[in-house]
*Asks:* 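Next up is a structure, given as structure tokens.
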2 protein chains.
Amino acid sequence: MEFRHLEYFIAVAEELNFGRAAQRLQMTQPPLSQQIQQLERELGTALFIRTQRRVELSPAGRAFLPEARSLLKHAERAKRLANDVGAGRVGRIAVGFVGSATYDILPLTIREYRAAYPEVYVHLRELPTPSQVESLLKGEIDVGFIRPPIASHDLRVETLYRDRAVLAVPKMHPSSHRAVMRLSDLGGESWVLLARSTWSGFYDEILAKCSDAGFDPNIELTAAEFQTVLGVVAAGLGISIVPSSAAIFKREDVVFIPLEGEVPTIEMSIAWRAADDSAQIRQFLDVTRKMARNQQGG
Amino acid sequence: MEFRHLEYFIAVAEELNFGRAAQRLQMTQPPLSQQIQQLERELGTALFIRTQRRVELSPAGRAFLPEARSLLKHAERAKRLANDVGAGRVGRIAVGFVGSATYDILPLTIREYRAAYPEVYVHLRELPTPSQVESLLKGEIDVGFIRPPIASHDLRVETLYRDRAVLAVPKMHPSSHRAVMRLSDLGGESWVLLARSTWSGFYDEILAKCSDAGFDPNIELTAAEFQTVLGVVAAGLGISIVPSSAAIFKREDVVFIPLEGEVPTIEMSIAWRAADDSAQIRQFLDVTRKMARNQQGG
DNA sequence: CCCTCACGATACGAATTATATATGAATAAC
DNA sequence: GTTATTCATATATAATTCGTATCGTGAGGG
């Protein structure tokens, strides 16, 4: 039995006339008769009673008709489902992100993506960059907002935007009134940095830039989140370098001062499996890129 | 899309290897690859990710797999249903019957048929013979226990059993002690007969036999059921002729006396549409004939 | 009563389609 | 580097569907 037989059967059952049914099916009558006979042979029962003048459904045919219809409908649904999933209109995508992505790019992207693909379930998971690399490779997440650099040939990385690094100093600090500063002025300070485990690239680069500027920073303490870093700065325990976007945590007692010259690169990137060319990923990346562009302009 | 494609897809999805799947399907690998490609083209999406070394399901394939399985199951159910209905194992049969069939043949037959075909819904309807003829022709009932004769070329009739006609007289009747009587002895009696509308053949035959016996019966009244007839006989309003099976309505005040010589034919028959050669009818007739034989023997 | 029409079944050739064989390309394992 | 494995492609063959022509059978009309 093939779907063809079901379509033929339904046509004959509705027309109760082989000739008209054949016409409707864009074919001639003899093959239609044959196909119906073939179906009846397979079912082991007659579907029609041919009374040499009119055709009518047998009890078996009457029972089979709704089944045949529902089978065709079911098949259509299955086809559309496969197509929808293939086109990324329905499904699931697991998104990893570093904490600092929640300041701007993540909520924008997720909101936009959900509006465009309401049938895709978006699973969100906050993870530091190294864990995201693992999770991507394991397939636990499909895409991740990360802080470069990462090293894996199986992953693709794309920079979304670059942020200026700015100095964060307590309001009571003697230099808090200055419009701009340079790293080389800061040799004697105590430092509060974002923990290396959260963003190793940033940490290492700050150390490298300080070294270039001729000093070895005196690191008072490290914290896992920028919010905590700023809290500690506010308490007067030291100064820090943060992305300008961290300024959304506005505080009365902290002042942000732009840095002159070579500053640490502060990039937000998105990463995904190189082997994954699914529509979901493609579409999610498109939305993300668009949001990144908009944000950079603003 | 045809069922073939679904079977092929499931095989590949389960083996995740075109070669082994082809082997399982008793075919070679190239046509299997082609058929899968054809299916993917129709669905507008890839079902597998071929990574040149291993095959895995795409998201669309993962979504489509349970649908494909359920479609095949659904098709199997539909086939079995058609076959069951065609073979008369499930379905519905509407049975008409005259009141006097409830004395013996009807309950026996229905009980036996239900035991043999528990999935066939048996619809029962009490109707006098002429109404059954109409209902059979209209298709409102499929088979009927009737009292012959009936006249219709579109119906088939088969006699199930013949009953002796016996005389029913009140206990106080002067002849109530006699072992046997003949119609010709009964010229002067008052008669209570089953209404002509209930069983015209019987009524007409009694009149004919009486005429043969040399008298014209004085019909006091007619009733629609034998039970009522016997009640009136018991009340002493007259005597009657009834099938011996009507003796199940045993009453203290009525005596049944066998008739000698030519007695009215008392037949129970079964009728069905000549055009109807459905399995249900065939099987119901078989059961009915078997019950009729058993009963006659007993 | 014969003729014609309508309708489904059958017979057979043509076209389409699925399948098999042979082969290629790419990758992983030794 | 070589071999084995695996899926894709090209071409040939087999199967099957489909179209054309025709038959058989009732029903309706003249």
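Proteins get letters first, then strands, A, B, ... in listed order; numbering begins at 1 in each.
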*Asks:* Can you check whether B:Arg89's main-chain N or O pairs, donor with acceptor, with B:Gln283's side chain at less than 3.5 Å?
*Replies:* no
*Asks:* So do the side chains of B:Phe3 and A:Leu71 get within less than 4.5 Å of each other, counting heavy atoms only?
*Replies:* yes
*Asks:* Please test B:Glu67 against A:Arg80 for salt bridge (charged side-chain N to carboxylate O under 4.0 Å, His left out), starting from the C-alpha separation and ending with a verdict.
*Replies:* CA-CA 11 Å; B:Glu67 295 295 319; A:Arg80 200 175 49 241; over 6 Å; no
*Asks:* Nearest whole angstrom, please: distance from the C1' of C:dT17 to the NE2 of B:His5.
*Replies:* 10 Å
*Asks:* Not counting sequence neighbours, which residues clear side chain to side chain contact (heavy atoms under 4.5 Å, CB included) with A:Glu112? List them please.
*Replies:* A:Val287, A:Lys290, A:Met291
*Asks:* May I ask you to evaluate whether A:Arg50 reaches the phosphate of C:dA9, defined as a side-chain N or O under 4.0 Å from OP1 or OP2?
*Replies:* yes
*Asks:* C:dT10 P sits how many Å from A:Gln38 CD, rounded?
*Replies:* 14 Å
*Asks:* Rounded to whole Å, how long is the line connecting atom CD of A:Glu42 with atom C1' of D:dT17?
*Replies:* 16 Å
*Asks:* Can you find a heavy atom in the side chain of B:Gln38 that is under 4.5 Å from one in the side chain of B:Glu2?
*Replies:* no
*Asks:* Does this structure show an ion pair linking A:Glu76 with A:Lys79, if we count only N-O contacts that are shorter than 4.0 Å?
*Replies:* yes
*Asks:* Given B:Glu205 and B:Arg147, is the salt bridge (charged side-chain N to carboxylate O under 4.0 Å, His left out) satisfied, shown in steps?
*Replies:* CA-CA 12 Å; B:Glu205 207 170 331; B:Arg147 293 295 195 177; over 6 Å; no
*Asks:* Rounded to whole angstroms, how far apart are CD on B:Glu40 and P on D:dC7?
*Replies:* 13 Å
*Asks:* Do NZ/NE/NH1/NH2 and the carboxylate oxygens of A:Asp154 and A:Arg273 come within less than 4.0 Å?
*Replies:* no
*Asks:* Kindly state which residues belonging to residues 14-37 of chain B come within less than 4.0 angstrom of DNA chain C, counting heavy atoms of the residue only, listed by number.
*Replies:* B:Met27, B:Thr28, B:Pro30, B:Pro31, B:Gln34, B:Gln35
*Asks:* In whole angstrom, what separates B:Arg4's CZ from C:dA18's C1'?
*Replies:* 7 Å
*Asks:* Within the 4.0 Å heavy-atom criterion, would you say A:Tyr8 contacts the bases, only the backbone, or no part of the nucleic acid?
*Replies:* sugar-phosphate
*Asks:* Can you tell me how far P of D:dA27 sits from CZ of A:Arg54, to the nearest Å?
*Replies:* 10 Å
*Asks:* What pairs of nitrogen or oxygen atoms, one from the protein and one from nucleotides 28-30 of chain C, lie under 3.5 Å apart?
*Replies:*
from	atom 1	to	atom 2	distance (Å)
C:dA28	O4'	B:Arg53	NE	3.4

*Asks:* Roughly, in whole Å, what's the span from CD in A:Glu2 to P in D:dT16?
*Replies:* 12 Å
*Asks:* Under 3.5 Å, is there a donor-acceptor pair between the side chain of A:Glu42 and the main chain of A:Met1?
*Replies:* yes
*Asks:* Whole Å only: how far is the CD atom of A:Glu7 from the P atom of D:dC18?
*Replies:* 11 Å
